[in-house]
Amino acid sequence: MCPPASESKPQDNTKLKALLGLLSLATIALLASTIALAVNGNKSTTTSSEAAAATGSDFSSSKASSNFFASDDANACAGAKLAFDNQLCADLEVPGPQAGGNVTKGYVGSLAVDVVPNTKPYYQSSMCPVNVHWHLGSEHYSYGEYDENGDGPHGNIPRPDWAARYLAESGEEVPDGFRCHHYDSSDPKFTTPYDWKHCKGMEVGETYEVHWPHSAAGACGTVNQYQTPFYDGVFCNLDMDTFSTLAAQDIANAVGVHGQVFTIVNDESYFYPDMMRGMIIDEDMGMGQDIAYYTGSTTGETRSNEMCSMYTPITWQVDRKCHMISASSFDKLCYDMKMQRDDMSDDLHAHGSRELVKDDLVANNQARKTLRA
């Protein structure tokens, strides 16, 4: 039986007030605990960030005291380069195919060869990247992507008169190549300077062609994998006696280069953290999807249409498209290069570009593979 309402109401009010008081105290305590945790969390985060920053800035000194780098003798690839001097192209009865050439869709070189490029992903041929370096402007030519119609902070270079456009660190000046079409002097991401910490002589808005030499004779999967000069990495586990037994196709199957062209921007939405491993292949970004394959040679400013490289034939896999990449991506790459066992400091700046190779020195074995439909 329920008590009369007039008798139960004061008692209920008293209980309710007591309950609300307890809840208020609990809420205040919970709020205080939450605030304390948040403050402590912020202190912890800040401390961790500061510690991470301090540790990151200390890696170079850590390398100097590390046992991994204590002796030059520990680098098994040092001095492994097999020397083949450049030769006057005219003195060669049949010059080996040269790079870099025209990689525009439909282009075919004029030099008849019986070797074919390796069109498989390099890792499927037991190859690994043994170096990374880059050239000012593009050494290759891809019409509409990196050609004479591109632009940069210092303009571009003209297309050579002979070139048929048909489809079938140091501060030292170096010969440059072609530019991409991304540059816009009115857009701050192409003109805002970047505070470079590790790369040398680099510039926002410029075009650079990055090369990743690969080799099946490299010190793959070891601390000696990356080498400067790249020849030490390519020939690390290959002596002259063994090399002399190899046929041209054997070399093209076992040695190759990834080539990819970038315009540097000061925009972190284009940051990529790991440029050490080879060509960036990303379907969503359209990177590494339209590839030109051919056999050629080593490149660089010491070679020309008169002076041929004797490091040939090697496979080239070149991305036909030009891509934007953040300056911080390159600086992170240079930092990673500094952390290798071998001293890669000679590759922390852009190298000079070889002039565009004439048709009669470019192999006629171009292949093309589009990875994205």
Side-chain angles (χ1 to χ4, degrees), residues 82 84 86-87 89 92-131 133 135 138-142 163 167-168 209-218 230-231 233-235 238 243-261 278-279 288 290-300 302-305 307-320 353-370:
L82 300 182
F84 301 105
N86 296 335
Q87 299 289 330
C89 304
L92 301 172
E93 183 177 351
V94 180
Q98 300 292 296
N102 190 337
V103 293
T104 306
K105 179 183 177 182
Y107 171 85
V108 178
S110 301
L111 181 64
V113 296
D114 57 5
V115 174
V116 296
N118 186 341
T119 59
K120 294 188 290 187
Y122 286 149
Y123 70 86
Q124 292 184 5
S125 298
S126 300
M127 285 191 258
C128 65
V130 296
N131 172 273
H133 63 273
H135 299 263
S138 72
E139 293 194 302
H140 287 89
Y141 179 100
S142 181
L167 299 181
E209 179 170 333
V210 181
H211 293 165
W212 292 269
H214 286 62
S215 175
F230 68 83
Y231 302 98
V234 169
F235 295 109
L238 183 64
F243 178 81
S244 62
T245 67
L246 301 178
Q249 189 63 62
D250 295 328
I251 298 170
N253 289 341
V255 180
V257 184
H258 277 163
Q260 200 163 36
V261 180
M279 179 187 296
D290 186 5
I291 309 299
Y293 304 82
Y294 74 105
T295 57
S297 66
T298 52
T299 65
T302 64
R303 286 97 187 197
S304 65
N305 288 317
M307 190 64 71
C308 280
S309 168
M310 301 304 291
Y311 293 95
T312 180
I314 60 177
T315 290
W316 279 87
Q317 298 185 359
V318 183
D319 191 343
R320 286 194 170 97
S353 289
R354 181 179 186 168
E355 64 178 329
L356 182 63
V357 176
K358 286 186 174 181
D359 300 332
D360 58 3
L361 292 175
V362 179
N364 66 343
N365 59 4
Q366 280 74 19
R368 176 175 181 259
K369 185 183 294 184
T370 302

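- Proximity of a side-chain donor or acceptor of R303 to a complementary backbone N or O of C308 within less than 3.5 Å is not detected.
- Between V234 and I314 there is no side-chain heavy-atom pair separated by less than 4.5 Å.
- The minimum heavy-atom distance linking S215 with A217 is given by the pair OG-N, 2.9 Å.
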Audit row: W316, T299, side-chain contact (heavy atoms from CB on, under 4.5 Å) steps and yes/no: CA-CA 11 Å; W316 279 87; T299 65; 3.7 Å; yes
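- For the pair L111 and V362, the minimum side-chain heavy-atom distance is 4.5 Å or more.
- Shown here are the side-chain hydrogen bond (donor to acceptor under 3.5 Å, both in side chains) partners of H214, two or more places apart in sequence or in another chain: there are none.
- Within the 4.5 Å cutoff, side-chain heavy atoms of P117 are placed close to those of N365.
- Counting heavy atoms from C-beta on, the side chains of P313 and V113 never come closer than 4.5 Å.
- Nearest heavy atom pair, residue M127 against residue N118, reads CE-ND2, 3.5 Å.
- The distance between the ring centers of F243 and F84 falls below 6.0 angstrom.
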V116/T295 under side-chain contact (heavy atoms from CB on, under 4.5 Å): CA gap, chis, key distance, verdict: CA-CA 7 Å; V116 296; T295 57; over 6 Å; no
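- In this structure a side-chain-to-backbone donor-acceptor pair under 3.5 Å is present from N305 to L356.
- To the nearest 0.5 angstrom, F235 atom CZ is 4.5 Å from L82 atom CG.
- Not one N or O on the side chain of Q98 forms a donor-acceptor pair closer than 3.5 Å with the backbone of M307.
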side-chain contact (heavy atoms from CB on, under 4.5 Å) evaluation trace for K358 with C89: CA-CA 12 Å; K358 286 186 174 181; C89 304; over 6 Å; no
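- In this structure, CG in D250 is found 7.5 Å from OG1 in T245, a value given to the nearest 0.5 Å.
- The aromatic rings of H140 and H211 sit perpendicular, their planes meeting at an angle over 60°, well past the 30° parallel limit.
- Between the side chains of D359 and Y107, a donor-acceptor pair is found at a separation under 3.5 Å.
- Taking OG from S304 and CG from L361, the interatomic distance works out to 9.0 Å, rounded to the nearest 0.5 Å.
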K105/D290 under side-chain contact (heavy atoms from CB on, under 4.5 Å): CA gap, chis, key distance, verdict: CA-CA 9 Å; K105 179 183 177 182; D290 186 5; 5.7 Å; no
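- With hydrogens and angles disregarded, a donor-acceptor distance shorter than 3.5 Å links the side chain of D319 to the backbone of G288.
- Under the 3.5 Å distance criterion, the side-chain polar atoms of S125 are left unmatched by any main-chain donor or acceptor of A254.
- Y311 is linked by a side-chain hydrogen bond (donor to acceptor under 3.5 Å, both in side chains) to nothing, counting only residues two or more places apart in sequence or in another chain.
- With E139 contributing its side chain and G300 its backbone, the two residues share a donor-acceptor pair below 3.5 Å.
- Contact check for M310 versus L92: side-chain heavy atoms found under the 4.5 Å cut-off.
- Within the 4.5 Å cutoff, the side chain of P213 has heavy atoms near those of the H133 side chain.
- Counting only distance, with no hydrogens or angles, the side chain of R354 and the backbone of A99 share a donor-acceptor pair below 3.5 Å.
- By the ring pair (Phe, Tyr, Trp, His ring centres under 6.0 Å) test, Y123 pairs with no residue at all, sequence neighbours left out.
- Counting only distance, with no hydrogens or angles, the side chain of H258 and the backbone of M279 share a donor-acceptor pair below 3.5 Å.
- Closest of all the heavy-atom pairs between A252 and T315 is O-OG1, 2.7 Å.
- When atom types are taken as modelled, the side chain of R320 and the backbone of V103 share a donor-acceptor pair closer than 3.5 angstrom.
- To the nearest 0.5 Å, atoms CZ (F230) and OG1 (T298) are separated by 5.5 Å.
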